[in-house]
Visitor: 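Pasting a structure below so you can have a look.
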Amino acid sequence: MLQAEHVTKQFGDFYALHDVSIDVSKGRIFGLLGPNGAGKSTLIRIINQILQSDEGKVIFDGHEIRLSDVEHIGYLPEERGLYKKMKVGEQALYLAQLKGLSRTEAEKRLRWWFKHLEIDTWWNRKVEELSKGMQQKVQFVTTVLHNPKLLIFDEPFSGFDPVNATLLKKEILRLRDEGATVIFSTHNMSSVEEICDDIALINHSQVVLNGNVKEIRQSYRKNMFHLEIRCTDSRTITMPTEFVVTNGKEEKGVYTADVSLPPTASSNDLLSAVMSQGQVSALQEILPSMNDIFIEAVSRQ
Ligand code: ADP
Ligand code: MG
């Protein structure tokens with residue numbers, strides 16, 4: 001649905017993006033992950049034609065992106081902005097009509113969303129009376145209201161408490177399931193892996209890793225397992241010396257440990273080694289977090 005191809009952007013002689021390519025498939029959630037200053041917002045602004053790239057191009061639905069494509073894109077910019085003095089409902093109606101909805105249709109959809117997100121009591125309040133998180137919810141609604149086929153959210157979770165961040169994730173998943181394609185950025189890598197289908201990790205203006213989240217996590221797996229064993233007495237669990245045990249401890253009759261296996265061994269070998277010593281109550285693979293993967297990808301580069 002959208003490709004950025006070899007996009008480069010300089011501010012003076014500083015490279016904000018250096019030969020960046022991403023490929024966003026239709027109907028999926030694509031996460032642009034990376035620390036502050038990596039270049040995420042610059043790429044998003046180029047996609048939204050607020051900035052022009054110096055080199056490379058953006059392809060939308062098979063053609064080089066043009067201004068008329070903007071009507072198919074819902075964009076939540078990093079720098080939020082609602083008019084502080086205006087009432088919430090009035091403002092949302094106004095913004096919805098700018099996106100081409102009739103007043104009646106806009107009001108119908110807005111009333112549904114406001115009820116759905118439990119913000120309907122704010123309709124007649126002034127924007128300035130709302131907390132940052134509340135304003136974010138309103139702006140999120142105005143971004144998605146006209147059902148654009150591509151949604152681009154720049155740091156959508158910043159300013160949200162964990163409860164509302166979870167709520168927003170659910171809404172993003174629902175929009176995807178209803179057919180939208182979603183691109184979003186975040187500097188908080190650990191918080192998003194559960195909602196992304198695909199990701200690009202960006203560091204210092206370059207893509208250091210991209211692809212399907214499940215495949216990436218599998219390819220960075222460490223053959224490490226979390227183990228729990230119920231033992232009748234507090235004896236120590238013994239293992240072959242090539243199994244590296246960390247955090248091993250026995251507490252209230254339960255032995256827990258993280259075990260790193262050599263490449264030649266599997267979880268079944270671990271199970272065989274310990275099953276005669278107690279009742280195995282848990283054996284779970286430890287997959288690296290997106291943060292761990294990012295650090296490793298940067299150091300491999
Ligand atoms: P991110 O969104 O990943 O935090 P940005 O894309 O906002 O990063 O910024 C990438 C880099 O480009 C930063 O070092 C930033 O200071 C710089 N930059 C962004 N916009 C401008 C601009 N208009 N003028 C000069 N430098 C900029
Ligand atoms: Mg940014």
Side-chain angles (χ1 to χ4, degrees), residues 2-24 29-60 65 67 70 73-82 132-133 135-137 139-140 142-144 150-161 164-165 168-169 172 181-193 195-211 213 216 289-301:
L2 183 130
Q3 291 82 31
E5 297 179 350
H6 307 290
V7 170
T8 292
K9 177 71 187 175
Q10 282 181 263
F11 295 109
D13 44 16
F14 174 79
Y15 281 91
L17 293 171
H18 202 156
D19 194 20
V20 165
S21 298
I22 60 167
D23 188 349
V24 182
I29 299 178
F30 189 98
L32 277 176
L33 317 185
N36 292 324
K40 305 178 298 295
S41 295
T42 303
L43 180 60
I44 285 177
R45 289 181 191 123
I46 288 170
I47 293 171
N48 283 292
Q49 301 167 88
I50 290 163
L51 283 176
Q52 258 200 322
S53 64
D54 298 324
E55 281 167 56
K57 56 186 174 187
V58 176
I59 308 290
F60 178 76
I65 200 161
L67 275 174
V70 164
I73 303 177
Y75 169 42
L76 179 71
E78 184 173 43
E79 53 291 342
R80 315 284 197 257
L82 293 168
K132 191 171 169 219
Q135 294 184 27
Q136 291 251 89
K137 272 191 181 174
Q139 201 162 355
F140 177 80
T142 64
T143 304
V144 304
L150 177 62
L151 293 167
I152 304 178
F153 306 125
D154 199 351
E155 302 280 354
F157 307 109
S158 71
F160 276 123
D161 58 73
N164 280 302
L168 193 67
K169 282 181 201 170
I172 292 176
T181 304
V182 180
I183 302 173
F184 76 90
S185 76
T186 182
H187 63 276
N188 187 354
M189 280 166 260
S190 55
S191 69
V192 294
E193 45 199 280
I195 69 162
C196 294
D197 300 303
D198 307 294
I199 53 158
L201 298 182
I202 301 191
N203 189 46
H204 292 314
S205 75
Q206 287 180 306
V207 174
V208 290
L209 184 67
N210 68 71
V213 173
I216 288 174
S289 70
M290 210 37 84
N291 244 340
D292 299 335
I293 291 171
F294 179 81
I295 290 162
E296 194 174 330
V298 168
S299 72
R300 276 189 198 177
Q301 202 189 17

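Just so you know, ligand 1 is whichever comes first in the structure, and atom 1 is the first atom listed for that ligand.
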Visitor: Verify the distance criterion only: is there a donor paired with an acceptor across the side chains of Asp154 and Ser185 at less than 3.5 Å?
Guide: yes

Visitor: Hey, does the side chain of Asp197 reach the backbone of Ile29 with a donor-acceptor pair shorter than 3.5 angstrom?
Guide: yes

Visitor: Just wondering, are more than 12 heavy atoms of other shown residues or ligands nearer than 6.0 Å to CD in Glu79?
Guide: yes

Visitor: Can a salt bridge be assigned to the pair Arg45 and Glu78 using a cut-off of 4.0 Å between side-chain N and carboxylate O?
Guide: yes

Visitor: Quick check: closest heavy atoms across Val7 and Ser53, and the distance to 0.1 Å?
Guide: CG1-CB, 3.8 Å

Visitor: How far apart are the C-alpha atoms of Glu155 and Thr186, what are their side-chain angles, what is the distance that settles it, and do they pass the side-chain contact (heavy atoms from CB on, under 4.5 Å) test?
Guide: CA-CA 5 Å; Glu155 302 280 354; Thr186 182; 3.9 Å; yes

Visitor: Counting N and O atoms only, with roles assigned by atom type, does the side chain of Gln136 sit under 3.5 Å from a partner on the main chain of Ser158, one being a donor and the other an acceptor?
Guide: yes

Visitor: Could you tell me if His6 and Glu55 have a donor-acceptor pair between their side chains, going purely by distance under 3.5 Å?
Guide: no

Visitor: Taking the inter-plane angle between the rings of Phe184 and Phe157 on a 0 to 90° scale, is it parallel (under 30°), tilted (30 to 60°) or perpendicular (over 60°)?
Guide: perpendicular

Visitor: Return the set of protein N, O or S atoms whose distance to the Mg ion (ligand 2) is under 2.8 Å, each given as residue and atom.
Guide: Ser41 OG, Glu78 OE2

Visitor: Near ligand 1, which protein residues have a heavy atom under 4.0 Å away?
Guide: Phe11, Phe14, Ala16, Pro35, Asn36, Gly37, Ala38, Gly39, Lys40, Ser41, Thr42

